[in-house]
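Worth knowing before you read on, the calculation uses all heavy atoms, side chains too, and leaves out hydrogens, waters and symmetry mates. What you see is a predicted model, and the numbers here were worked out from it, not measured in a lab.
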Amino acid sequence: QVQLVESGGGLVQPGGSLRLSCAASGSIFSINTMGWYRQAPGNQRELVAAITRGGYASYVDSVKGRFTISRDNARNTVYLQMSSLKPEDTAVYYCNADIRQSGSTPSRPYWGQGTQVTVSS
């Protein structure tokens, strides 16, 4: 039994900042890559940022220089620091983690419940 719980979404003005958090809990053996996806109305879900267990991060071009993904392996938590937010960043953001459960092989992806980020004046 593994769960990902997201928090930190909300309404922010253009140019503002938000910090999203996603904590994994349950019977976890290990967590590999963690990441954030987003889906805006009428659009496909897109990968925003991902980070490996060792800390290597990657980003979609549209958020490079503005968003920072990080993780705390001791707390099984991944973060997304979002700065200089634009209206086009408005979407539901979903946490994703590749997790191997205790006593199970192999790992598989798990998803958070989604958190709404709205950038508007």
Worksheet item: Of the non-hydrogen atoms in A50 and T33, which two are nearest, and what is the gap between them?
Response: CB-CG2, 4.1 Å
Discussion item. Looking at every heavy atom in both C95 and V78, which two are closest together, and how far apart are they?
Written reply: SG-CG1, 3.7 Å
Worksheet item: What distance do S83 atom OG and R19 atom CZ have between them, rounded to the nearest 0.5 Å?
Response: 10.0 Å
Worksheet item: Within a strict 4.5 Å, meaning less than it, do heavy atoms of the P14 and P87 side chains meet?
Response: yes
Worksheet item: Under the side-chain contact (heavy atoms from CB on, under 4.5 Å) criterion, do C22 and V5 qualify, and how do the steps go?
Response: CA-CA 5 Å; C22 175; V5 179; over 6 Å; no
Practice prompt. Hey, could you give me the CE/CG distance between M34 and L80, rounded to the nearest 0.5 Å?
Written response: 12.0 Å
Discussion item. Under 3.5 Å, is there a donor on one side chain and an acceptor on the other for T115 and Q113?
Written reply: no
Worksheet item: Quick one: side-chain hydrogen bond (donor to acceptor under 3.5 Å, both in side chains) pairs with a partner in residues 4-16, sequence neighbours left out?
Response: none
Worksheet item: Atom CG in L85, atom OG in S17: separation rounded to 0.5 Å?
Response: 6.0 Å
Discussion item. Between I51 and Y56, is there a side-chain heavy-atom distance shorter than 4.5 Å?
Written reply: no
Discussion item. Any heavy-atom pair between the side chains of T90 and Q116 that's under 4.5 Å?
Written reply: yes
Worksheet item: In the hydrophobic clustering that connects Ile, Leu, Val, Met, Phe, Trp and Tyr at side-chain heavy-atom distances below 4.5 Å, which members other than Y94 occupy its cluster, ordered by chain and number?
Response: Y37, L47, V92, W111
Response to the item:
On a heavy-atom basis, the closest approach of I99 and A24 is CD1-CB, 4.2 Å
Practice prompt. May I ask you to test the Y110-Q3 pair for a side-chain heavy-atom distance under 4.5 Å?
Written response: no
Discussion item. Given 3.5 Å as the limit, does a donor-acceptor pair link the side chain of N73 with the main chain of R53, or not?
Written reply: yes
Worksheet entry | Note, T68 side chain near Y79 side chain (heavy atom, < 4.5 Å) | no
Discussion item. Using 0.5 Å steps for rounding, measure from the CZ atom of F67 to the OG atom of S62.
Written reply: 7.5 Å
Fill in: Closest approach of L18 to G8 (non-hydrogen atoms, all atoms of both residues)
CD2-O, 3.8 Å
Discussion item. Taking CZ in R75 as the centre, count heavy atoms belonging to other residues, nucleotides or ligands within less than 6.0 Å. Is the count above 12?
Written reply: no
Item to complete: Rounded to the nearest 0.5 Å, what's the gap from OG on S121 to CG on L11? Could you check?
Response: 9.5 Å
Practice prompt. Please identify each residue that fulfils side chain to side chain donor-acceptor pair (under 3.5 Å) with D89, with sequence neighbours left out.
Written response: R38, R66
Worksheet entry | Side-chain donor/acceptor of R100 to backbone N/O of N32, under 3.5 Å | no
Worksheet item: So do the side chains of I69 and W36 get within less than 4.5 Å of each other, counting heavy atoms only?
Response: yes
Discussion item. Set out, in order, the CA-CA distance, both residues' side-chain angles and the distance that settles side-chain contact (heavy atoms from CB on, under 4.5 Å) for T118 and V12, then state yes or no.
Written reply: CA-CA 6 Å; T118 302; V12 65; over 6 Å; no
Fill in: Distance-only donor-acceptor check, side chains D98 and S107, under 3.5 Å
yes
Worksheet item: Given side chains that start at C-beta, do those of I31 and R71 come closer than 4.5 Å, heavy atoms only?
Response: yes
Worksheet item: Any side-chain heavy atom of V117 within less than 4.5 Å of one from L20?
Response: yes
